[in-house]
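Report on the following structure.
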Amino acid sequence: MSKQKPSIPKGTRDFGPEQMIRRNYILQVIKRTFEKFGFLPIETPSMENLDVLMGKYGDEGDKLLFKILNSGDYMKNVGPDDEFNSIKILPKIAEKGLRYDLTVPFARYVAMNQGTISFPFKRYQIQPVWRADRPQKGRYREFYQCDADVVGTDSLICEAENVLMINEVLTSLGFQDFTIKINNRKILTGITEVIGAKGREAEFCVAIDKLDKIEKKKVIDELVEKGFGKTSIKNIDPFLELSGDNNTLLNKLKELLNDSETGMKGIQEIKAILGYLKDFDYSQKNLSIDLTLARGLTYYTGAIFEVVSNDSSITSSISGGGRYDDLTGVFGLEGVSGVGFSFGIERIYDIMEEKNLFPDENLTTTKVLLANFDEESERYSLSILNQLRNSGISSEIYPESTKLKKQMNYANRKNIPFVLMIGSKEIESQLFSLKNMNTGEQKELDLKNIIEELK
RNA sequence: GUGGUUGUAGUUCAGCUGGUUAGAACGCCUGAUUGUGGUUCAGGAGGUCGCCGGUUCGAAUCCGGUCUUCCACCCCA
């Protein structure tokens, strides 16, 4: 057998112990916050039936879905009629695919379990998703999403609570300078109505969303290219020039959108959300209304959120979400409104690493290593080890008796703060040598005192 | 999907216009120290130069393909 070089698929990653400890730290903060606000966890399968996934993310999305070949002789249904045409062949060779996000599987879950779910239903879900995208900076083919959604109510308290949760998670993780941007799809719809481009909202959103990345002129060019008329373009300008704090912004917007019923509704919604946040005693310092925030996703119908970190090299969003009025409709459950958001933990991780926000004590778990001198020492140590563990002290024994040097080296590299030495001398005297690896200091103590010392 | 970029020891990288035996640093192993790590010193092991093919007397080096890496676009977390 020829040796092969090990490798992993493009766009996937291994996570080593130190990375996992840090990832788990982030996830634990997120979970704790979600649960504090009354959200409960669910999980759905990695794979869904393709008809659940296909057509939910646009043509582009269908291409980016990982499809799973049928088991057994997957070519058995393919015949000459199929002419090597991949579109004709696909449904015959694959009926399952890997999930592309957590939102569609959640909608499927709600529709399937509507009989047993009591609404409003608040769930959170933290699982990997897969996209056959071309990987690049901060983008992978396998990555985690952390979603929290509440469905079955259109109360704007949910939106306000989203802001509170985002703020709590990021603050707990040590983020200091971030902005929670908020906008409303109805306002964007209102703008398209007022500028005389009614019904072209989707194209408008995709273009306008780029304003924070590329200059205004290029966005205008894109709109022109998409066929927006001259008067429409001219009418957009007052909206793009709006400035001021949240309240003045809303007041100016009110005048501009006076003729659009939908637009006015959007303004009311934002006002209501700000009102709730005031009742929650939320300072709103880092909350900013941003009319250029659109988010490409077409299913949003009300509030939309996005969060950016202001003091790091990563400028893309670390969290985002919004309200959707009819996510479960395609699965036969009509009229269920929901609002949800998601954390991008890969980016949060990168920013925390850049800004050194991970606490040090997370780096090691073992508190004490028991040295292994010989067979007698080994057998005697196991009972000591057991008593240490029963006292709640993370401890391990070097699993074979070898040179002490090697064992000390192991402790050193694993960042284990104490080494306990139990050789024939110690067994006889019942006083064990406890070495502090940071100071080099070594004490002879009995077991009771050792446990005290390590607790 | 489009355009560019990268690939040499476990890791980070040298290796000139093709020319004997492909180097360094760090890491790893052994010893100085057979019951004491992180420092020091001495020694050692590790490479079909991503893979396949071509040009050539001769290829890590030039050419083609392929895979991979990273980046930009589309799109998105």
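Below, chains carry the letters A, B, ... as their sequence lines are ordered, and counting in each starts from 1. Just so it is clear, the values below take in all heavy atoms, side chains as well, and ignore hydrogens, waters and symmetry mates.
On the P atoms, C62(B) is 11 Å away from U6(B), given to the nearest whole Å. Nucleotides C13(B) and U69(B) place their C1' atoms 16 Å apart, quoted to the nearest Å. Distance noted for atom C1' between A22(B) and G53(B): 23 Å (whole Å). Rounded to the nearest Å, the gap between the P atom of A60(B) and that of C52(B) is 13 Å. Spacing between C63(B) and G23(B) at atom C1', rounded to whole Å, works out to 27 Å. With both ends at atom C1', the span from C28(B) to G64(B) equals 39 Å, rounded to whole Å. Atom name P, nucleotides C16(B) and C76(B): the rounded distance is 45 Å, in whole Å. When the P atom is used for both G38(B) and A45(B), the distance is 23 Å, rounded to whole Å.
Contacts of E426(A) with the nucleic acid, taken as non-hydrogen atoms under 4.0 Å apart, include base atoms. Using a 4.0 Å heavy-atom cutoff across all strands shown, Q442(A) reaches at least one base atom of the nucleic acid. Here G440(A) lies in heavy-atom contact (under 4.0 Å) with a base. Among the atoms of the strands shown, none is found under 4.0 Å from any heavy atom of G61(A).
At C28(B), one or more side-chain N or O atoms of R413(A) fall inside 4.0 Å of OP1 or OP2 (strictly under the cut-off).
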Go through it in stages, so that I can follow the logic: the residues are I351(A) and F175(A), the test is side chain to side chain contact (heavy atoms under 4.5 Å, CB included), and I'd like the CA-CA distance, side-chain angles, deciding distance and then a yes or no.
CA-CA 9 Å; I351(A) 292 175; F175(A) 282 68; 3.6 Å; yes

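Scanning atom types as modelled, one donor and one acceptor separated by under 3.5 angstrom connect the side chain of K435(A) and the base of U36(B). A donor-acceptor contact under 3.5 angstrom links the side-chain atoms of N412(A) to the base of G37(B).
Heavy atoms from other residues, nucleotides or ligands lying under 6.0 Å from CD of E375(A) number 12 at most. Within 6.0 Å of the CE atom in M437(A), the count of heavy atoms belonging to other residues, nucleotides or ligands exceeds 12.
As the counterpart of U5(B), no nucleotide is assigned, since no Watson-Crick or G-U wobble pattern has both distances under 3.5 Å.
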Distances under 3.5 Å only, N/O to N/O: pair up the protein atoms with those of nucleotides 1-5 of chain B.
| unit_1 | atom_1 | unit_2 | atom_2 | d |
| --- | --- | --- | --- | --- |
| U2(B) | O4 | R134(A) | NE | 3.4 |
| U2(B) | O4 | R134(A) | NH1 | 3.1 |
| G3(B) | O6 | R134(A) | NH1 | 3.3 |

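The aromatic ring of Y410(A) does not sit over the base of G37(B); the criterion of centres under 5.5 Å apart with planes under 30° is not met.
Between P135(A) and F343(A), it is P135(A) whose nearest contact on RNA chain B lies nearer the 5' terminus. Summary of the strand contacts: N436(A) and I8(A) both lie near RNA chain B, and taking for each the nucleotide with the nearest heavy atom, the more 5' one is attributed to N436(A).
Between Y349(A) and F358(A), a ring centre-to-centre spacing shorter than 6.0 Å is recorded.
Rounded to whole Å, atom P of A77(B) lies 10 Å from atom CG of D209(A).
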